[in-house]
Amino acid sequence: MSTFPSTRLRRFRRTAALRALTRETRLSLDDFVYPLFVCPGEGVERPLEGLPGIAQRSVDRLCDAAEDASRAGVRALLLFGIPEEKDEAASGAYDDDGIVQRALRALRDRVPGLVLLTDVCLCEYTSHGHCGLVEGDEVLNDVSLELLAKTAVSHAEAGADAVCPSDMMDGRVGAIRGALDSEGFEQTPIVAYSAKYASAFYGPFREAAESAPAFGDRRSYQLDPPNVREALRECELDLAEGADAIMIKPALPYLDVIRAARDRFDAPLFAYNVSGEYALVKAAAARGWLDERPAALEGLTAIKRAGADVIFSYWTRELAEWL
Ligand code: PBG
């Protein structure tokens with residue numbers, strides 16, 4: 001192997017054009033999904049303190065935001081709903097006239113070309129804020145599956161292009177695949193939040209989705225942060241149950257998990273650059289401690305470099321201006 005002075009790695013770093021020519025990883029808006037929050041009412045646009053630039057919007061305002069994003073080049077949305085009322089059975093999640101179902105129908109009409117993904121979970125709809133049904137202080141697995149499957153079917157009926165279960169109950173991908181198939185939605189893909197960790201970085205999201213658990217935490221169903229082999233088992237099981245794509249979440253603190261999943265599985269790999277990852281850059285930038293745009297781009301590029309095909313990011317709308 002030749003070394004210095006015949007080898008000089010700086011040769012290709014000399015100009016912007018040479019660096020562009022030898023760049024190994026690139027960001028494209030095609031690979032980004034923009035998460036949006038829909039709430040009841042009309043003319044509502046409530047900015048979120050912990051997620052600067054993101055708001056809860058009523059269906060009419062959501063359609064405006066989606067149209068604006070689509071015109072700017074955004075290709076796909078992920079929808080979260082804040083229902084009128086919450087109850088023990090999460091009825092708002094699978095109500096044909098629920099908030100996400102209404103948003104889907106309106107968006108289908110208004111911005112037909114946008115890819116519409118939905119988060120399938122019960123936590124925004126249960127009075128206790130857990131992702132499944134609860135008995136005492138236990139989050140029940142098997143009885144929650146039926147409700148998650150009903151939720152996924154009702155999203156597909158309302159026009160979702162793909163459903164993304166984020167609850168972390170065992171067996172939910174199989175239950176959802178079975179229900180979708182028996183209702184005639186065998187063409188609807190499942191993007192499974194396969195390796196979803198019990199993370200401290202979801203804080204700002206829980207304010208946005210009003211879904212913080214009323215008691216306890218999510219550690220009895222979400223993954224334990226120190227584990228990577230277990231994450232790969234989750235991915236493997238989800239694929240065996242019929243997942244069309246797998247997801248790692250959060251992204252930046254789990255780049256090793258993204259890389260391990262990329263090396264092991266050939267299915268499309270999604271990563272969720274979550275609320276806390278976004279909020280901390282926004283907060284530091286607001287104080288003048290770092291420059292937001294290069295910091296955001298560096299983080300998002302790292303997620304791609306680690307092996308993600310698709311990134312869910314709150315920066316997606318801004319990326320449309322930056323890229
Ligand atoms: C619902 C869900 C959560 C997120 C996505 N879907 C929160 C949670 O598990 O508490 C987090 C997204 C983010 O932080 O941006 N289960």
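We count ligands from 1, going down the list as the structure has it; atoms in each ligand are counted the same way.
- Looking at C123 against ligand 1, only its side chain comes within 4.0 Å, counting heavy atoms.
- Residue contact check: V274 has heavy atoms under 4.0 Å from atoms 13 (C), 14 (O), 15 (O) of ligand 1.
- Contact annotation for D119 and ligand 1: only side-chain heavy atoms (C-beta onward) come within less than 4.0 Å of the ligand.
- Residue-ligand proximity, K249 to ligand 1, at heavy-atom distances under 4.0 Å covers atoms 2 (C), 3 (C), 4 (C), 5 (C), 6 (N), 11 (C), 12 (C).
- Here the two rings, on F205 and F37, have centers that are under 6.0 Å apart.
- Salt bridge R177/D244: present, at least one basic N to carboxylate O contact under 4.0 Å.
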- Query: Is there a salt bridge (charged side-chain N to carboxylate O under 4.0 Å, His left out) between E24 and R305 once you walk through the steps?
  - Reply: CA-CA 8 Å; E24 299 175 30; R305 193 188 60 230; over 6 Å; no

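- If you check which protein heavy atom lies closest to atom 14 (O) of ligand 1, you get S275 OG, 2.7 Å.
- Side-chain atoms of S6 do not come within 3.5 Å of backbone N or O of S2 as any donor-acceptor pair.
- Ionic pairing of R219 and D224 is not present here: no N-O contact between side-chain nitrogen and carboxylate oxygen is shorter than 4.0 angstrom.
- Here the protein heavy atom with the shortest distance to atom 16 (N) of ligand 1 is K196 NZ, 2.8 Å.
- Using a 4.0 Å heavy-atom cutoff, F80 is listed among the residues neighbouring ligand 1.
- Ionic pairing of K282 and E318 is present here: one or more N-O contacts between side-chain nitrogen and carboxylate oxygen are shorter than 4.0 angstrom.
- Taking 4.0 Å as the cut-off, Q222 counts as a neighbour of ligand 1 on heavy-atom distance.
- Atoms of ligand 1 found under 4.0 Å from any heavy atom of Y314 (numbered from 1 in listed order, with element): 12 (C), 13 (C), 15 (O).
- Between the choices Y221, Y272, F205, the shortest heavy-atom distance to atom 7 (C) of ligand 1 belongs to F205.
- Closest heavy-atom approach to atom 1 (C) of ligand 1 within the set C131, G203, S166, C164: this belongs to S166.
- Ring centroid separation for the pair H155 and Y94 does not come in under the 6.0 Å cut-off.
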- Message: I'd like to know whether D238 forms a salt bridge (charged side-chain N to carboxylate O under 4.0 Å, His left out) with R172, so could you lay out the CA-CA distance, the side-chain angles of the two residues, the decisive distance to 0.1 Å, and finally the verdict.
- Response: CA-CA 8 Å; D238 283 356; R172 90 269 208 220; 3.4 Å; yes

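- Of all protein heavy atoms, the one closest to atom 10 (O) of ligand 1 is R206 NE, 2.6 Å.
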